[in-house]
There are 4 protein chains.
Amino acid sequence: MTTRARHSHHRRPGRPREEATEQAITAAARQVLADKGVARMSMEHVAARAGVAKSTLYRRWPSKVELAVHAVAATFDEIEVGDHGSLAADMRSGIEEAARLLRDPSTGGAYAALLAESARDPEGVGTQVRESLSTRLHALVATSVARAIERGEIQPDMVDVDLLADVVVGSVMHRSLATGVPDQAFVDGLIELLADVAYARLHRAAVAASAARATD
Amino acid sequence: MTTRARHSHHRRPGRPREEATEQAITAAARQVLADKGVARMSMEHVAARAGVAKSTLYRRWPSKVELAVHAVAATFDEIEVGDHGSLAADMRSGIEEAARLLRDPSTGGAYAALLAESARDPEGVGTQVRESLSTRLHALVATSVARAIERGEIQPDMVDVDLLADVVVGSVMHRSLATGVPDQAFVDGLIELLADVAYARLHRAAVAASAARATD
Amino acid sequence: MTTRARHSHHRRPGRPREEATEQAITAAARQVLADKGVARMSMEHVAARAGVAKSTLYRRWPSKVELAVHAVAATFDEIEVGDHGSLAADMRSGIEEAARLLRDPSTGGAYAALLAESARDPEGVGTQVRESLSTRLHALVATSVARAIERGEIQPDMVDVDLLADVVVGSVMHRSLATGVPDQAFVDGLIELLADVAYARLHRAAVAASAARATD
Amino acid sequence: MTTRARHSHHRRPGRPREEATEQAITAAARQVLADKGVARMSMEHVAARAGVAKSTLYRRWPSKVELAVHAVAATFDEIEVGDHGSLAADMRSGIEEAARLLRDPSTGGAYAALLAESARDPEGVGTQVRESLSTRLHALVATSVARAIERGEIQPDMVDVDLLADVVVGSVMHRSLATGVPDQAFVDGLIELLADVAYARLHRAAVAASAARATD
DNA sequence: TCCTAACCGAGACGGTACGTCCTGTCTTATG
DNA sequence: CATAAGACAGGACGTACCGTCTCGGTTAGGA
């Protein structure tokens with residue numbers, strides 16, 4: 001990713017890193033994270049489970065939190081934002097995907113814990129959490145909307161994507177962690193809510209257009 | 001919460017608890033929480049700052065998390081859900097109050113951290129977090145809606161209060177911690193979004209009513 | 001030893017230290033020290049063998065070196081400087097005692113290692129090593145000489161006790177660690193050497209006395 | 001020590017070792033040793049200061065201790081045992097040289113630390129320490145005595161060189177590390193002590209000779 | 001002129017220990 | 001009984017080294 005590395009096919013000096021190691025650590029971290037949560041996940045434990053020395057962990061990640069971010073990111077990497085033909089279908093799929101991810105207490109809890117860490121270090125951990133976690137969740141909504149605009153279903157000025165993304169992700173997360181699990185009724189309710197927003201905006205646009213025609 | 005003990009005139013045997021102590025501890029805990037966040041808040045540190053022995057802490061709260069919940073609850077106790085005359089005004093006030101609370105990284109971060117803990121122990125910590133934190137945030141929305149129903153602005157079946165509350169609180173929280181601070185534009189956008197939902201539902205109700213009249 | 005503690009029979013506040021613990025740690029440290037030497041003795045290992053938490057070690061000794069000093073001092077505490085009736089006999093006994101102690105590579109090696117540490121920190125570790133180890137070895141010679149002076153065997157100005165002590169302890173130590181074990185021949189040789197010094201000084205004193213008589 | 005390899009004209013295959021490297025490492029090691037002592041000297045640090053890879057160190061010395069021995073030996077190589085015309089003068093010079101070397105805490109401490117290591121491994125490290133360090137210190141005394149015998153000042157059976165050497169080196173070392181720095185008074189006292197031994201032995205030899213003459 | 005063996009730097013790796021910090025429990029003496 | 005004080009078992013943190021290893025690349029002599 002760094003410029004130097006990109007346009008250079010010369011390998012870095014020194015013994016290259018063991019390829020399998022990173023995967024082993026990531027897998028171990030994900031397991032421990034699922035078992036114990038961010039707070040009780042220990043580098044010692046992860047190293048042992050990965051069959052790796054603790055120093056190897058610290059060579060690759062500066063601290064426990066960074067490793068946790070990486071491990072959760074690995075889970076979020078599974079996010080698929082498929083094309084379902086319409087904004088409505090895409091949104092439903094996005095919300096259900098978010099619900100699927102955050103419903104699992106280990107994933108939802110980990111995400112919340114890392115957001116909490118972000119609050120303490122907005123530049124360091126915060127940036128990483130944003131770049132490798134939050135954006136990925138936001139993509140669930142953002143790409144749906146982008147596709148809808150391409151299809152001509154909606155106009156770009158009709159929706160604030162960032163707001164919408166925070167609404168979707170935030171709602172699902174809060175429901176998952178604070179109020180109860182995001183069941184089908186909740187998902188339906190949320191979709192209906194968003195559908196009503198769309199209805200109102202399209203309706204108002206149509207009224208405005210007919211008014212403009214009348215003025216002619 | 002400790003009203004039961006206070007109001008009882010059957011005093012427990014032995015030396016009674018120092019009244020000032022609880023306040024001192026709470027104050028100290030809130031400070032430490034603001035300085036370091038839940039993860040790095042330590043009972044040792046809180047005790048020292050409160051000028052109190054560690055055992056006094058554990059006599060009153062079974063563990064660090066419970067004390068943290070108590071300390072955050074003390075902040076959430078400041079929530080005021082005033083009557084502003086209309087649903088729209090009440091909602092705006094509620095959202096702004098939520099934004100005010102969660103914008104502070106120490107409060108927002110602490111709430112997220114405690115939600116994360118809830119994920120690990122939904123019955124113990126989870127219940128406490130729900131009862132003394134989440135409900136209080138939900139109240140921001142719930143009482144507004146209840147009042148609107150009383151006033152006859154809306155019908156009870158027109159809105160799922162729990163859903164709405166999760167949407168408001170969740171959106172504001174996620175914006176605060178993940179995407180950026182909930183500034184005025186965000187608050188306005190969120191209000192507009194909810195207003196559009198109301199518009200759609202009222203509009204549809206009106207259409208349905210006129211259709212019903214026509215059928216007569 | 002501190003003034004406050006001395007004239008106070010009031011116990012220090014807080015839970016008193018477990019009496020058995022210090023002995024268990026000392027014993028464990030001495031064993032580990034004998035097995036591995038100062039450099040390879042580990043606090044982890046000592047704690048485990050003593051059946052005690054590592055934090056208990058650090059509560060009592062600020063670092064590994066101090067504990068090692070304490071452990072070696074416990075061995076040196078066995079030093080007995082008995083009265084054998086004459087300076088010659090006392091000296092022989094003292095030298096043999098020194099040889100007995102330092103011949104054991106674990107004790108001799110530990111003492112050397114701690115002297116090496118003293119060189120790095122003459123005020124901290126250095127003072128402790130001097131006060132609890134070196135003085136105890138010096139006592140082997142110093143008390144013998146003091147007794148001889150009491151008995152009238154020699155005059156106080158005939159011998160520099162500090163020098164003599166360094167000669168005895170240093171010779172035995174260097175022989176133990178560098179050249180070979182201090183066997184009987186070595187001990188005999190050293191005693192003979194010291195006896196010759198005494199002979200020379202007494203002889204010269206006698207000559208001087210008769211010369212003085214002659215001058216009268 | 002490496003003379004065998006150097007004198008051989010059957011050069012080993014492959015790239016020859018960089019000549020300057022060994023000196024750079026030795027110099028760096030001596031500096032680090034002086035700064036931190038044997039225990040805190042680290043191969044990593046020495047390599048960095050010498051501007052050399054860690055593997056280069058291990059290619060030449062099997063472990064840290066051996067390098068330390070080598071570095072101290074480089075200091076001891078400065079020992080000069082000049083001829084000062086008489087045993088007394090040579091001994092004074094030898095003692096002063098020993099005091100000069102061991103007075104420096106870094107040298108004295110290093111020597112003690114390596115003696116301590118010897119105790120743990122008498123055959124491996126022990127042999128090296130003996131051969132390249134202790135013998136060199138013993139030489140301070142041994143050559144003086146040898147020269148005195150050549151000159152006819154004393155008879156070979158009058159003195160146990162090994163004993164004498166341990167006495168001189170051990171005394172100076174112990175004084176340097178444990179009791180205080182070997183100042184002029186100490187050196188004078190030690191010389192006087194040895195002079196008295198000589199006096200006693202020569203005197204007794206003379207008495208015995210005259211007794212033998214009388215018996216004739 | 002290539003080949004080969006050893007050198008060198010860089011740095012990853014498995015380990016081990018350090019000394020610090022904190023948790024939650026306990027044991028005292030005193031109010 | 002509450003409280004201050006602090007000992008205790010336990011556990012994790014992040015750091016620092018050790019000695020080994022695996023690379024790419026260098027530098028000679030011998031084929």
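A, B, ... follow the sequence lines: proteins, then strands. Residue 1 opens every chain.
Of the two residues contacting DNA chain E, namely B:Met43 and A:Pro16, the nearest-nucleotide position lying further toward the 5' end is that of A:Pro16. Nearest-nucleotide positions on DNA chain E place B:Arg40 closer to the 5' end than the other of B:Arg40 and C:Glu18. Positionally, the nearest nucleotide of DNA chain F for A:Ser63 lies more toward the 5' end than for the other of D:Met41 and A:Ser63.
Between B:Glu22 and B:Arg60, at least one side-chain N (NZ, or NE/NH1/NH2) sits under 4.0 Å from a carboxylate O, which counts as a salt bridge. For A:Asp35 and A:Arg30, the salt-bridge test fails: no basic side-chain N is under 4.0 Å from an acidic carboxylate O.
A heavy atom closer than 4.0 Å to some atom of DNA chain E occurs in no member of residues 19-26 of chain C. Listed in residue order, the members of residues 44-62 of chain C having a heavy atom less than 4.0 Å from DNA chain E are C:Glu44, C:Lys54, C:Tyr58.
Contact of D:Arg17 with E:dC7 (side chain to base): no donor-acceptor pair of N or O atoms is detected under 3.5 Å. Judged by distance alone with a 3.5 Å cut-off, a donor-acceptor contact links the side chain of C:Arg15 to the base of F:dA7.
Using modelled atom types, no side-chain atom of A:Arg120 and backbone atom of B:Ser106 make a donor-acceptor pair closer than 3.5 Å. Panel note: side chain C:Ser118, backbone C:Leu114; a donor-acceptor pair is recorded below 3.5 Å.
Counted by atom type alone, D:Ser63 and D:Glu66 present one or more donor-acceptor pairs between their side chains at under 3.5 Å.
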Show me the donor-acceptor pairs within less than 3.5 Å that the side chains of residues 36-48 of chain C make with the rest of the protein, sequence neighbours left out.
residue : atom : partner  : partner atom : Å
C:Arg40 : NH2  : D:Glu117 : OE1          : 3.0
C:Ser42 : OG   : C:His45  : N            : 2.9
C:Glu44 : OE1  : C:Lys54  : NZ           : 3.0

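In this entry the distance linking NZ of D:Lys64 with P of E:dT16 reads 18 Å, nearest Å.
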